[in-house]
Amino acid sequence: KNEVEQSPQNLTAQEGEFITINCSYSVGISALHWLQQHPGGGIVSLFMLSSGKKKHGRLIATINIQEKHSSLHITASHPRDSAVYICAAQFGNEKLTFGTGTRLTIIP
Amino acid sequence: GAVVSQHPSWVICKSGTSVKIECRSLDFQATTMFWYRQFPKQSLMLMATSNEGSKATYEQGVEKDKFLINHASLTLSTLTVTSAHPEDSSFYICSALAGGLEQYFGPGTRLTVT
């Protein structure tokens, strides 16, 4: 069964802290997506990766294929980073299987 | 970058009426689009895969006669919720496949059925 698990479910941190959100999946994937959903509901695609590491600004995404694990890191976190972060796995086809999301709150 | 729009962004309708939601890829062509629904504090659930020029593929448990999907062009897919009921109230999101595995998401449509 294709499963995606995220941790933690909720995360509160002080502004400036380094943030890590984890994602594990059950079987081999073709790609792993990290998405951001703001309170209004709109979803932004942050990263799509199938190996290694990608960086965009203060966001870094890594994936370890052997361990079936991916992490999303935020450096120098800011209150505007507060959102729900969702990982989603593609298991060989175009469909995505979503994790339950991590609600991140950054306190000024 | 690739942009996907949805219209309307929110809609309130009466029980028993039908509502159409549009999903457009603005600067790219999308042969495949996906429709998701999301209940409060839950993750997205795939409803159907929409392919241009052919019938949509619905996920198990999704009523195809209730959620009509039309993908008439490479930039437009529509979802029509027919005979809406209060339990259909949800956040509906589309995404479009921009070649390869890259998916771009629309901003979502919040449907409230009274």
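Chain letters run A, B, ... following the sequence lines, proteins first and then strands; every chain starts at 1. Source: prediction; values computed, not measured.
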**Student:** Got a sec, which residues hit ring pair (Phe, Tyr, Trp, His ring centres under 6.0 Å) with B:Phe39, two or more places apart in sequence or on another chain?
**Tutor:**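 Ring pair (Phe, Tyr, Trp, His ring centres under 6.0 Å) check on B:Phe39 returns nothing, list empty.
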**Student:** Let me know if B:Gln38 has heavy atoms under 4.5 Å from chain A in its side chain, its backbone, both or neither.
**Tutor:**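 B:Gln38 touches chain A through side-chain heavy atoms alone.
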**Student:** Does any backbone or side-chain atom of B:Thr32 lie under 4.5 Å from a heavy atom of chain A? Answer side chain, backbone, both or neither.
**Tutor:**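 Only the side chain of B:Thr32 comes within 4.5 Å of chain A.
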**Student:** Is there side-chain contact between A:Leu46 and A:Leu59, with heavy atoms separated by less than 4.5 Å?
**Tutor:**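 Yes, close enough: below the 4.5 Å cut-off.
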**Student:** Measure B:Gln42 against the heavy atoms of chain A and call it side chain, backbone, both or neither at under 4.5 Å.
**Tutor:**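 Neither part; nothing is under 4.5 Å.
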**Student:** Report yes if the distance between the aromatic ring centroids of B:Tyr104 and B:Phe28 is under 6.0 Å, otherwise no.
**Tutor:**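 Yes, they do, as the ring centres are separated by less than 6.0 Å.
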**Student:** Counting only non-hydrogen atoms closer than 4.5 Å, does B:Leu46 touch chain A with its backbone (N, CA, C, O), its side chain (CB onward), both, or neither?
**Tutor:**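 Looking at B:Leu46, just its side chain touches chain A.
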**Student:** Would you check, one step at a time, whether the test salt bridge (Lys or Arg N to Asp or Glu O under 4.0 Å) holds for B:Glu22 with B:Arg24?
**Tutor:** CA-CA 7 Å; B:Glu22 294 184 349; B:Arg24 292 183 186 272; 3.4 Å; yes
**Student:** Heavy-atom distance under 4.5 Å to chain B: side chain of A:Ile43, backbone, both or neither?
**Tutor:**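 Contact with chain B is through both the backbone and side chain of A:Ile43.
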**Student:** Which pairs with one or both residues in residues 55-80 of chain A pass ring-ring contact (aromatic ring centres under 6.0 Å, His included), sequence neighbours excluded?
**Tutor:**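 Of all non-adjacent pairs touching residues 55-80 of chain A, those that pass ring-ring contact (aromatic ring centres under 6.0 Å, His included) are A:Phe18-A:His73.
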